[in-house]
Enquirer: 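Let me give you the structure first, and then I'll get to my questions.
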Amino acid sequence: MPIDPDFQAHRSAQVHGNRKVGHDGDSSKLGIYGTDVAVDFDLCVGDGACIDVCPVNVFEWEGEGADRKAMPSRERDCIYCFGCEAVCPKFAIRVTPLVIK
Ligand code: SF4
C-alpha cells in the first residue's frame, strides 16, 4: 500500500523539533514525516533512491543501518520535479506543491 495521498486530512500532526509528523493513532507506527515533501516512515525501506535522485538535496539520512530512513529535512527547497515519488520502490513519498493564495 502506498502513502496515503490525503494523509494531511486523515492524520493528526505533531511537531517534533522543526518537523511535523502525521500519526494515525497507532502508537506502534513511526508516522509520516514532512508536509510538502512527505515520507511515510512505516513504508520507507531506506534504499536511498530519493536521496540519489533529488537535484536539490531535500533528503538526508535519519538513523543508521537497516533502520535508516530518508528524512525530508529541506522540503522548502523542493522544486517539484517529482523524481523522488517516481523512484521510490515502496511509493512512500508524497510531494504536494505549495499553493500560494
Ligand atoms: S520532488 Fe524533486 S526536488 Fe522535490 S524532493 Fe522530490 S526529488 Fe527533490
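We count ligands from 1, going down the list as the structure has it; atoms in each ligand are counted the same way.
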Enquirer: Do Glu60 and Arg19 sit within salt-bridge range, that is, some charged N less than 4.0 Å from a carboxylate O?
Expert: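 Between Arg19 and Glu60 there is a salt bridge, with a charged N closer than 4.0 Å to a carboxylate O.
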Enquirer: So, for Val53 and Val87, which heavy atoms are closest and what is the spacing to 0.1 Å?
Expert: CG1-CG2, 3.7 Å
Enquirer: With atoms numbered from 1 as shown, which atoms in ligand 1 lie under 4.0 angstrom from a non-hydrogen atom of Val56?
Expert: 3 (S)
Enquirer: Assess whether side-chain contact (heavy atoms from CB on, under 4.5 Å) is satisfied between Lys69 and Leu30, documenting all intermediate values.
Expert: CA-CA 11 Å; Lys69 307 289 183 186; Leu30 299 172; 3.9 Å; yes
Enquirer: Determine whether Glu85 and Phe82 satisfy the following criterion, side-chain contact (heavy atoms from CB on, under 4.5 Å), listing intermediate values before the conclusion.
Expert: CA-CA 5 Å; Glu85 279 194 0; Phe82 298 97; 3.9 Å; yes
Enquirer: Specify side chain, backbone, both or neither for Val58, according to which of its non-hydrogen atoms lie closer than 4.0 Å to ligand 1.
Expert: side chain
Enquirer: Shortest non-hydrogen contact from Ile32 to Ala38?
Expert: CG2-CB, 3.7 Å
Enquirer: Considering non-hydrogen atoms of the protein only, which is the closest contact for atom 6 (Fe) of ligand 1, and what is the distance?
Expert: Cys84 SG, 2.3 Å
Enquirer: For ligand 1, which atoms sit closer than 4.0 Å to a heavy atom of Cys54?
Expert: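 Counting from 1, the qualifying ligand atoms are 3 (S), 5 (S), 7 (S), 8 (Fe).
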Enquirer: Please determine whether Cys81 has a backbone or side-chain N, O or S atom lying under 2.8 Å from atom 2 (Fe) of ligand 1.
Expert: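 It does; at least one qualifying atom falls short of 2.8 Å.
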Enquirer: Hey, which atoms in ligand 1 end up nearer than 4.0 Å to a heavy atom of Phe82?
Expert: 1 (S), 2 (Fe)
Enquirer: Using the salt bridge (charged side-chain N to carboxylate O under 4.0 Å, His left out) rule, pick out the option among Lys20, Arg76, Arg74 that qualifies with Asp36.
Expert: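 Only one of Lys20, Arg76, Arg74 forms a salt bridge (charged side-chain N to carboxylate O under 4.0 Å, His left out) with Asp36, namely Arg76.
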Enquirer: Tell me: protein heavy atom nearest atom 4 (Fe) of ligand 1, and distance?
Expert: Cys78 SG, 2.3 Å
Enquirer: Quick check on contacts: which atoms of ligand 1 are under 4.0 angstrom from a heavy atom of Phe59?
Expert: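 Within the 4.0 Å cut-off of Phe59, ligand 1 contributes 5 (S).
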